[in-house]
Engineer: 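Before I ask anything, let me first share the structure, which is written out below as structure tokens.
All figures in this text were calculated on a predicted structure; none of them were measured in a lab.
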Amino acid sequence: MSNKERYREICKGRTDVQAFAQPWWLDAVCPEWDVAIAMKGEHVAGAWPYPIEKKLGIPLLRTPLLTPYLGPQVFLPADIKGSRADSYEHETIAALMQQMPQAKVWHLSVQPGIRQAGLFKKHHLYSHVQQTFVVGLKENEETLLANMKDVTRRNIRQAESEIVITNEPGMLGALFAFQQHTMSKKNCKVPYTLTYLQGIMDAAMANDAAALWVAKDKAGTVHAIVWQVADHQCSYYFMGAQNPESTNYKAMSLLLWHTIKEAKRRGNTCFDLEGSMDEGVERFFRNFGGDRQLYIVLQKNKSVLWKLKQALLG
């Protein structure tokens with residue numbers, strides 16, 4: 001049995017594998033992928049799936065398009081002592097690193113919570129830090145709402161009397177069109193196709209891991225759309241957009257609050273807003289009362305040809 005086949009079996013029996021590391025997700029976003037697996041006796045200590053990619057003849061390890069994180073999955077034993085957890089994580093990731101393919105170029109985003117920067121440096125990887133905002137869901141809805149900024153809470157309350165929210169995966173094309181309009185105003189091109197998005201949506205829906213929340217007014221006009229992705233432990237603001245013809249900017253706040261409540265109803269322990277380094281987006285996400293969390297992006301470029309390509313094309 002190959003590692004890839006073993007990993008599919010491993011994921012069937014676990015509830016702690018992140019959505020973006022699930023085989024069905026990787027099948028949707030990667031033409032090819034494989035996985036490193038670390039064992040401790042009979043126990044699966046961890047796994048690290050990775051895309052198989054080559055450009056200009058150069059092997060690359062890059063986070064697939066629209067995949068927020070693809071770092072090592074460490075499976076701590078249920079009875080492990082807290083003082084031992086960091087060492088266990090370090091040993092597991094070290095074992096996984098030994099199995100990762102040789103690649104001159106790395107650009108892999110590691111999920112929040114993995115902090116083995118020293119180990120990555122030992123393997124000649126540069127750790128670039130980015131941020132997200134994560135809302136813990138242990139509190140009741142009243143407390144979660146109270147933790148938000150006053151203006152956000154007020155916008156939500158006002159929008160509740162104007163907006164109806166429904167789950168409509170068939171509106172994916174509208175979300176894509178809204179994004180295209182927004183990007184064109186910035187003189188940018190959307191780096192993916194609707195077909196690519198549909199492949200992800202189909203896979204996520206088949207695994208009860210997605211919803212497409214649509215905010216409409218009572219006349220049926222769509223004002224905003226948010227795509228929620230979820231695993232057993234966490235839900236994610238995966239993608240969203242405002243209708244460029246709408247002036248109801250409160251709809252997006254209501255959509256995010258609705259998605260947070262749905263995450264709690266699913267039994268998730270957290271909601272990841274997938275924070276941005278963009279100042280405006282960061283400010284908006286910060287208003288929802290989440291904790292700022294940092295995550296590592298592993299980078300390396302030992303290819304002269306790839307450095308030239310980046311210098312010329314970015």
Side-chain angles (χ1 to χ4, degrees), residues 19-20 25 28-29 63-69 109 130-133 135 148 151-152 155-156 158-160 162-205 209-230 235-263 271-288 290:
F20 311 115
W25 183 278
V29 300
T63 310
L65 189 63
L66 293 182
T67 299
Y69 316 114
S109 298
Q130 293 198 22
Q131 65 184 2
T132 184
F133 292 90
V135 179
M148 297 181 189
V151 64
T152 301
N155 286 341
I156 289 170
Q158 291 175 356
E160 285 176 331
E162 306 167 358
I163 296 295
V164 175
I165 296 176
T166 53
N167 181 16
E168 300 186 50
M171 291 291 288
L172 184 61
L175 173 61
F176 182 65
F178 294 169
Q179 288 193 322
Q180 283 183 310
H181 185 275
T182 300
M183 296 294 283
S184 65
K185 290 177 64 176
K186 299 178 181 179
N187 295 317
C188 298
K189 184 179 179 181
V190 177
Y192 42 82
T193 65
L194 178 57
T195 300
Y196 185 79
L197 288 184
Q198 191 65 60
I200 298 174
M201 176 62 80
D202 291 345
M205 292 295 295
L212 197 69
W213 301 112
V214 180
K216 299 179 182 178
D217 61 25
K218 295 176 181 178
T221 301
V222 175
H223 292 275
I225 302 175
V226 162
W227 184 348
Q228 173 187 7
V229 169
S235 274
Y236 308 84
Y237 168 79
F238 179 62
M239 186 179 292
Q242 181 89 15
N243 184 342
E245 297 181 359
S246 171
T247 58
N248 189 333
Y249 298 104
K250 301 169 187 174
M252 185 59 76
S253 293
L254 181 62
L255 274 176
L256 282 176
W257 172 229
H258 179 86
T259 309
I260 289 169
K261 291 189 293 182
E262 286 299 318
F271 181 78
D272 189 339
L273 281 157
E274 286 192 34
S276 171
M277 302 299 280
D278 179 276
E279 184 177 357
V281 176
E282 176 193 340
R283 188 184 308 113
F284 178 66
F285 284 166
R286 192 168 61 233
N287 289 345
F288 285 84

Engineer: First locate atom CD1 of Ile225, then atom NZ of Lys216, and finally report the distance between them rounded to the nearest 0.5 Å.
Structural biologist: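 Answer rounded to 0.5 Å: 9.0 Å.
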Engineer: Between Ser253 and Ile156, what is the shortest heavy-atom contact and its length?
Structural biologist: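 Reported closest heavy-atom pair: O-CG1, 3.8 Å.
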Engineer: Give me the atom names and distance for the closest heavy-atom approach of Ser235 to Gln228.
Structural biologist: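 Smallest heavy-atom distance, with atoms named: OG-NE2, 2.9 Å.
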Engineer: So, do Val135 and Phe133 sit near enough that their side-chain heavy atoms are less than 4.5 Å apart?
Structural biologist: no
Engineer: Report yes if the side chains of Leu66 and Leu197 come closer than 4.5 Å at any heavy-atom pair, otherwise no.
Structural biologist: yes
Engineer: Answer whether the closest heavy-atom distance between the side chains of Leu254 and Glu162 falls below 4.5 Å.
Structural biologist: no
Engineer: So do Arg283 and Arg286 actually touch side chain to side chain, heavy atoms under 4.5 Å?
Structural biologist: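 The answer is yes, as the side chains (C-beta and beyond) meet within the 4.5 Å cut-off.
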Engineer: Nearest 0.5 Å please: distance from the NZ atom of Lys189 over to the CE atom of Met183.
Structural biologist: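 It comes to 11.0 Å.
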Engineer: Working to the nearest 0.5 Å, report the span between CD of Gln198 and CE of Met205.
Structural biologist: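 One finds 10.0 Å between CD of Gln198 and CE of Met205.
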Engineer: Could you check whether any side-chain heavy atom of Asn167 comes within less than 4.5 Å of a side-chain heavy atom of Glu262, counting everything from C-beta outward?
Structural biologist: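 Counting from C-beta outward, Asn167 and Glu262 never come under 4.5 Å.
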Engineer: Would His258 and Val226 count as a side chain to side chain contact (heavy atoms under 4.5 Å, CB included) if you check the C-alpha gap in whole Å, the side-chain angles of each, and the deciding distance to 0.1 Å?
Structural biologist: CA-CA 10 Å; His258 179 86; Val226 162; over 6 Å; no
Engineer: Give a yes or no on whether the ring-centroid distance for Phe285 and Tyr237 is below 6.0 angstrom.
Structural biologist: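 Under 6.0 Å, so yes.
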Engineer: Look at the side chain of Tyr196 and the backbone N and O of Leu65, then say whether any donor-acceptor pair between them is shorter than 3.5 Å.
Structural biologist: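 Confirmed, Tyr196 side chain pairs with Leu65 backbone.
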Engineer: Please name the pair of heavy atoms, one in Gln179 and one in Gly240, separated by the smallest distance, quoted to 0.1 Å.
Structural biologist: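 Nearest heavy atoms, Gln179 then Gly240: NE2-O, 4.0 Å.
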Engineer: For Thr166 and Glu168, work out which heavy atoms get closest and say how close.
Structural biologist: OG1-OE2, 2.6 Å
Engineer: Compare every heavy atom of Ala210 with every heavy atom of Ala204, then report the nearest pair and how far apart it is.
Structural biologist: CB-CB, 3.4 Å
Engineer: Quick one: pull up CG in Asn243 and CG in Leu175 and give me the separation to the nearest 0.5 Å.
Structural biologist: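 Output value for this atom pair is 11.0 Å.
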Engineer: Output the distance between atom CH2 (Trp257) and atom CE (Met148), rounded to the nearest 0.5 Å.
Structural biologist: 4.5 Å
Engineer: Please tell me if the side chains of Phe20 and Thr63 come closer than 4.5 Å, counting only heavy atoms from C-beta onward.
Structural biologist: no
Engineer: Angle between ring planes, Tyr192 versus Phe176, binned at 30° and 60°: parallel, tilted or perpendicular?
Structural biologist: tilted
Engineer: Within the 4.5 Å heavy-atom criterion, are Leu172 and Leu212 side-chain neighbours or not?
Structural biologist: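 In contact.
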Engineer: Once you round to the nearest 0.5 Å, how far does NE2 of His181 lie from NZ of Lys186?
Structural biologist: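 Taking NE2 in His181 and NZ in Lys186, the distance rounds to 12.5 Å.
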Engineer: Please name the residue in the list Tyr69, Phe238, Tyr236 that meets the ring pair (Phe, Tyr, Trp, His ring centres under 6.0 Å) test with Trp25.
Structural biologist: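 Single pass found, and it is Phe238.
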Engineer: Look at the side chain of Ser246 and the backbone N and O of Asn248, then say whether any donor-acceptor pair between them is shorter than 3.5 Å.
Structural biologist: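 Checking the backbone N and O of Asn248 against the side chain of Ser246, a donor-acceptor pair under 3.5 Å is found.
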